[in-house]
K.L.:
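The structure under discussion is supplied below as structure tokens; questions concerning it will follow.
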Number of protein chains: 2
Amino acid sequence: MIVTDNIEQSTRKKIFIVAARLFAEKGYSAVSMREISEQAGLSKPTIYYYFGSKEGIYKELVTTGVSHILSAIESTYSLDLSVKEKLNLILKKFFYACQNFPEFTKFMSNLMCSAEKMDFMVNFRAQTNRKEKFLINLFRQGIRSGELDSSLDPKTAAHIYTGVLMHFIMIQLATKEIVLSDDLADNILNTLISGMRKL
Amino acid sequence: MIVTDNIEQSTRKKIFIVAARLFAEKGYSAVSMREISEQAGLSKPTIYYYFGSKEGIYKELVTTGVSHILSAIESTYSLDLSVKEKLNLILKKFFYACQNFPEFTKFMSNLMCSAEKMDFMVNFRAQTNRKEKFLINLFRQGIRSGELDSSLDPKTAAHIYTGVLMHFIMIQLATKEIVLSDDLADNILNTLISGMRKL
DNA sequence: AAATTTCTACCGAACGGTAGGTATGTAAAA
DNA sequence: TTTTACATACCTACCGTTCGGTAGAAATTT
């Protein structure tokens, strides 16, 4: 049973990883089941045996990715840190994921900011909104506590933060050189908090 | 002769617009020539008559879009404005394009930040780099003139700016409500320049 | 001015190929 | 002996593309 489970798990995982890489590289429509099966070293029906359909693989990748992202962000909730430190931590968490799971990160990045409106991906925006709302609340909290300027609109601030975060992830995903670092994260957050102007 | 030219132009334009919308909505691979021809009210071979291939349409859309973006940014070069004012103007230009040509803007947005690495789109990064370099130079200039903080890294600053710009465009493109405005542009830029912290 | 040729702007039908998906079989494990 | 974990061979639908053609305007010749 243990052996079977391992085989089952490893084959399934293999397909999962290959599919994530291919979808990340080329987008949903441009990837064929033949490609996935070949690169996974399996036959096509085996893919169907595990995932049922092309949509099936994709949906499972999305579900897994979304839950990881949400937990990465929301796990900062109960930490005893300032808002700035929390924002810094989230930035670093994403930078870390970007370095260590670039293909999966790319898959999620594409999913969130790209085209390919797929009919079967309906209730996905709800998940994205939860992330956004958490960030807005974080900024609101920073304003209330006096850490951030009271004239700041928390929603706009959250959008600025998200935009910057996503853009640096995309820059990293586009090159082989390492561009993201803890130092850069500190730098970015300092710039956002303190501003670009000369004092 | 004049009439013929108009017919030629209008048919071509029709295909162009329909293709831009479809590519923006679904991505390159998910759009078929049948779809384009049907929505343009023409036969499939007619599309080939004008554009030669699916790649042909796409490439022409890209070329057109890239040149528009570059000119939008680079046209600010000779203006007698402060760096902050120039950044503000660019922001507003893009917001404007986003409101008035949402489909084309979406097409370009997808092109720049999404998956679908297409083999035939090789020398495209060069164009993107030109845009980035212009912005970096703008920030460098602001630092030199004392308008921006001397500890600011112009490259990082340019990336922050671009990330924020793109993200707000994507937010607008995802909803039917109007979210972008000149006021918002002022707000965003003020936040970036002055920072989020309480003084 | 009439007849002829040429060109533009299109279309229906069909091509080879590939897509997602499946009916059926089998070898090994439980 | 049944179930699990695969593979072979195949299906239909649709893909991008091309072929062969045509209506009609424009240019040229007679």
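Heavy-atom basis, side chains included; hydrogens, waters and symmetry copies ignored. Letters go in sequence order (proteins before strands), and every chain restarts at 1.
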K.L.:
Would you mind reading off the distance between A/R12 atom CZ and D/dA5 atom P, rounded to a whole angstrom?
P.N.:
11 Å

K.L.:
Atom NZ of A/K26 to atom C1' of C/dA19: distance rounded to whole Å?
P.N.:
13 Å

K.L.:
Verify the contact: side-chain N or O of A/R34 to OP1 or OP2 of C/dA19, cut-off strictly under 4.0 Å; return yes or no.
P.N.:
yes

K.L.:
Residues two or more places apart in sequence or in another chain: which of them pass ring pair (Phe, Tyr, Trp, His ring centres under 6.0 Å) with B/Y161?
P.N.:
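Ring pair (Phe, Tyr, Trp, His ring centres under 6.0 Å) list for B/Y161, sorted by chain: empty.
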
K.L.:
Output the rounded distance in Å from NZ (A/K14) to C1' (D/dA5).
P.N.:
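Taking NZ of A/K14 and C1' of D/dA5, I get 16 Å after rounding.
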
K.L.:
Send over the distance from A/M33 CE to D/dC6 P, rounded to a whole Å.
P.N.:
15 Å

K.L.:
Which residues, if any, of residues 42-49 of chain B bring a heavy atom under 4.0 Å of DNA chain D?
P.N.:
B/K44, B/P45, B/Y48

K.L.:
Of the candidate nucleotides D/dT17, D/dA5, C/dC10, which contains the atom at the shortest distance from the side chain of B/Y50?
P.N.:
C/dC10

K.L.:
Looking at D/dC6, I'd like to know if its phosphate oxygens (OP1 or OP2) sit under 4.0 Å from a side-chain N or O belonging to A/T11.
P.N.:
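Yes, such a contact exists.
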
K.L.:
Which pairs count as salt bridge (Lys or Arg N to Asp or Glu O under 4.0 Å) when at least one residue sits in residues 73-93 of chain B, sequence neighbours excluded?
P.N.:
B/E74-B/R130, B/K92-B/D186

K.L.:
For B/F120 and D/dG16, what is the distance between atoms CZ and P respectively, to the nearest whole Å?
P.N.:
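Rounded to the whole Å, the gap is 12 Å.
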
K.L.:
Holding to side-chain contact (heavy atoms from CB on, under 4.5 Å), I want the full list of residues that pass it with B/V62, two or more places apart in sequence or in another chain.
P.N.:
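Expected list: B/Y58, B/V66, B/F107, B/L111, B/M121, B/F124.
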
K.L.:
Sequence neighbours excluded, which residues qualify as side-chain hydrogen bond (donor to acceptor under 3.5 Å, both in side chains) partners of B/E35?
P.N.:
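B/E35: side-chain hydrogen bond (donor to acceptor under 3.5 Å, both in side chains) contacts with B/K26.
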
K.L.:
Which label fits B/F104 and B/H68: parallel for a plane angle under 30°, tilted from 30 to 60°, or perpendicular past 60°?
P.N.:
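Plane angle over 60°, so perpendicular.
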
K.L.:
Does any pair with a residue in residues 173-199 of chain A pass ring pair (Phe, Tyr, Trp, His ring centres under 6.0 Å), and if so which ones, sequence neighbours excluded?
P.N.:
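Counting only pairs at least two positions apart or across chains, no ring pair (Phe, Tyr, Trp, His ring centres under 6.0 Å) contact touches residues 173-199 of chain A.
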
K.L.:
Starting at CD1 of B/I36 and ending at P of D/dC14, how long is that distance when rounded to a whole Å?
P.N.:
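That distance rounds to 17 Å.
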
